[in-house]
Amino acid sequence: MLTIPLKAGVRFDLAKALGDWLDNDEQQVSFQTAPSNPLQIMVLPKPDFSSAACQSDLKRITSLRNCLTDVLLKADSHASALEEGAMDDAMEYHAILLEFEKRGFPTMDEETNGLSLKWKGAWGALRQETHSSLLWDRACITFDIVALLSFQAAQCSLSDRNECKKGVGYCQQAASILETLIELAASQDFSAVDLSNSMLSFWKAYLIAQGQSFVYRMAASSSSATAHASLASLSQSAFELFNDALSKAQDARLESEVPKPCKQWATYCKAQAIMAAAKAEYHQAAVQRVNHKYGVEIVRLRQTLVKLQACQDFISSLPLDTSDNYRLAQIVDYTKRECQAILPVVQDRLKEIERDNYKIYNEDIPKSVEEIVPKQLVKTSLGYPMPMLVPQKTLFVNI
């Protein structure tokens with residue numbers, strides 16, 4: 001599976017910068033977003049209290065930010081970051097940022113704010129970007145929350161029902177968060193490809209597709225012979241969703257700015273799409289077998305075989321034996337082994353039913369069959385989890 005790399009933040013004395021901004025007599029307004037709806041823009045005046053009145057809150061937001069910069073060190077440091085509690089801290093930091101924005105702290109990207117919030121690029125540490133708005137920090141920490149969720153999803157076993165159920169939850173939550181982040185990023189002047197519409201839209205599409213794949217595997221763990229119709233619809237949906245992710249991975253900006261990772265994403269999505277289409281046909285063939293419609297079953301099995309061979313040919317055409325393509329080999333390895341396992345099963349059943357139909361059933365073999373109706377069960381309407389919206393401890397109690 002695919003994992004979104006982390007954006008690493010750079011330490012900054014936020015308490016001093018915000019304190020100086022508060023104590024500056026110059027009146028300013030702040031465009032901010034309400035915590036109940038992260039996209040609801042309001043205009044608030046600058047807070048009318050001094051830094052002395054909220055020192056504990058300033059220290060809290062600074063210590064939490066610095067703690068996160070210490071654990072989100074590298075693009076691939078997901079495992080160690082989660083061990084250090086980065087997910088809880090990142091959600092808490094997001095909630096605190098919303099509270100600060102609600103109070104009118106700077107969300108206008110102006111250097112006169114005194115803020116210099118720097119984050120490294122997820123696909124290249126040298127691609128640093130700096131802004132003077134709390135919205136920038138919130139967008140970046142939201143990106144990292146989604147990245148951590150993608151890592152957790154990628155750790156879920158595909159052969160364990162409970163693990164797949166967790167995977168669905170991670171993917172749904174990440175895709176739901178991305179839906180809001182896409183709109184937030186679109187309202188800002190961020191230049192990095194990390195937070196571009198192209199990048200965020202691809203990952204949202206991928207997470208929906210991967211979540212649907214988890215749903216299929218959960219359903220496939222059932223031993224019921226009557227489940228094939230549902231499995232066909234679930235896998236057909238996964239096929240369409242991975243195809244959508246594939247088209248988004250071929251975006252011109254992504255191919256230009258992150259060509260190597262982009263190729264890996266496209267390769268994974270294409271392999272998954274072909275395999276999902278093959279599984280949909282295979283399950284639909286099983287439905288026809290149960291209904292004793294052997295002519296239609298033969299057509300479905302032939303289409304399954306064509307798709308499996310296409311998947312095998314596609315993976316075989318990839319240059320996986322070079323050190324530069326080690327990661328590419330990793331992400332298609334499971335699909336490759338799965339294809340190799342299913343292919344002889346389909347070949348044997350097709351040979352058997354073609355022989356029996358010729359000798360026994362004598363059913364007509366139709367030239368075409370109906371399209372399989374997809375059934376998507378993954379949701380993207382979960383919104384933000386409560387820990388991202390409400391801080392564990394009430395802020396500004398002395399104001």
Side-chain angles (χ1 to χ4, degrees), residues 4 6-7 9 14 18 30-44 47 54 56-69 71-72 81-82 85-108 117 119 131 133-153 166 168-188 190 195 200 203-204 207 211 378-399:
I4 306 173
L6 294 164
K7 287 180 70 66
L14 198 53
L18 290 178
S30 173
F31 293 91
Q32 67 90 38
T33 55
S36 59
N37 180 359
L39 294 176
Q40 182 181 344
I41 304 297
M42 298 187 295
V43 180
L44 293 180
C54 60
S56 61
D57 302 308
L58 293 175
K59 290 179 180 178
R60 185 179 177 196
I61 191 174
T62 303
S63 62
L64 194 53
R65 187 183 193 278
N66 288 338
C67 177
L68 286 166
T69 60
V71 296
L72 303 175
L82 287 170
M87 181 66 85
D88 291 339
D89 287 347
M91 289 190 175
E92 176 71 1
Y93 184 56
H94 183 279
I96 290 177
L97 284 170
L98 284 177
E99 286 298 311
F100 270 74
E101 293 168 23
K102 181 181 177 181
R103 288 284 176 171
F105 282 82
T107 53
M108 297 178 67
L117 304 174
W119 289 77
H131 289 275
S133 162
L134 293 182
L135 286 177
W136 166 241
D137 246 31
R138 184 152 64 85
C140 290
I141 203 61
T142 302
F143 182 95
D144 278 349
I145 290 171
V146 173
L148 291 172
L149 286 169
S150 75
F151 176 81
Q152 289 178 313
K166 290 180 182 179
V168 174
Y170 294 139
C171 289
Q172 286 187 145
Q173 187 62 80
S176 297
I177 294 173
L178 276 176
E179 192 161 283
T180 301
L181 179 57
I182 288 171
E183 297 183 51
L184 174 62
S187 69
Q188 303 298 307
F190 302 149
L195 292 169
L200 299 179
W203 283 109
K204 177 188 169 185
L207 287 161
V378 175
K379 302 175 183 177
T380 59
S381 57
L382 302 184
Y384 283 1
M386 193 56 64
M388 288 183 68
L389 300 175
V390 181
Q392 297 177 15
K393 180 181 177 182
T394 305
L395 300 175
F396 305 108
V397 292
N398 297 322
I399 304 302

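Owing to the predicted nature of the structure, the values given are computational and were not obtained by experimental measurement. Positions are given from 1, in the same order as the sequence printed here.
Contact record, F105 with L134: CB-CD1, 3.8 Å, taken as the closest heavy-atom pair. The nearest pair of heavy atoms linking L382 to Q173 is CD1-N, 3.9 Å. The minimum heavy-atom distance linking S176 with G383 is given by the pair CB-N, 3.7 Å. Nearest approach of A86 to L68, heavy atoms of both residues: O-CD2, 3.9 Å. The nearest pair of heavy atoms linking R103 to I399 is NH1-CG2, 4.0 Å. The shortest non-hydrogen separation linking D89 to C67 is OD2-SG, 3.7 Å.
No option in K102, M388, R138 other than R138 meets the side-chain contact (heavy atoms from CB on, under 4.5 Å) test with L97. Between S150 and the choices I4, L178, I145, the side-chain contact (heavy atoms from CB on, under 4.5 Å) rule is met once, by I4.
Counting heavy atoms from C-beta on, the side chains of L117 and L14 come closer than 4.5 Å. Looking only at side-chain heavy atoms (C-beta outward), L395 and S56 stay at 4.5 Å or farther from each other. Looking at Q188 and W136, their side chains never come closer than 4.5 Å, going by heavy atoms from C-beta outward. Between L98 and P391 there is no side-chain heavy-atom pair separated by less than 4.5 Å. For the pair Y384 and T180, the minimum side-chain heavy-atom distance is below 4.5 Å. The shortest distance between side-chain heavy atoms of R65 and I141 does not fall below 4.5 Å.
Here T380 pairs with E179 under the side-chain hydrogen bond (donor to acceptor under 3.5 Å, both in side chains) rule; sequence neighbours left out. For E92, the side-chain hydrogen bond (donor to acceptor under 3.5 Å, both in side chains) partners at least two apart in sequence or on another chain are R60. Residues passing the side-chain hydrogen bond (donor to acceptor under 3.5 Å, both in side chains) test with W119, sequence neighbours excluded: D137.
When atom types are taken as modelled, the side chain of D144 and the backbone of L6 share no donor-acceptor pair closer than 3.5 angstrom. With Q172 contributing its side chain and V378 its backbone, the two residues share no donor-acceptor pair below 3.5 Å. Judged by distance alone, with hydrogens and angles left aside, the side-chain atoms of S187 form a donor-acceptor pair with the main-chain N or O of L184 at under 3.5 Å.
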| message | Pair D57, E99 - check side-chain contact (heavy atoms from CB on, under 4.5 Å), show working. | response | CA-CA 10 Å; D57 302 308; E99 286 298 311; over 6 Å; no
| query | Hey, mind stepping through L195 and F143 against side-chain contact (heavy atoms from CB on, under 4.5 Å) and telling me if it holds? | reply | CA-CA 8 Å; L195 292 169; F143 182 95; 3.9 Å; yes
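One finds the SG atom of C140 at 8.0 Å from the NE2 atom of H131 (value rounded to the nearest 0.5 Å). With rounding to the nearest 0.5 angstrom, the OG atom of S63 is 10.5 Å from the OH atom of Y93. In this structure, the separation between CG on L200 and CG on L181 is 5.0 Å, given to the nearest 0.5 Å. Considering CE of M87 and CG of L149, their distance stands at 4.0 Å, rounded to 0.5 Å. Remark: I61 CD1 to L58 CG distance equals 8.0 Å, nearest 0.5 Å.
Between F151 and Y170, a ring centre-to-centre spacing not shorter than 6.0 Å is recorded.
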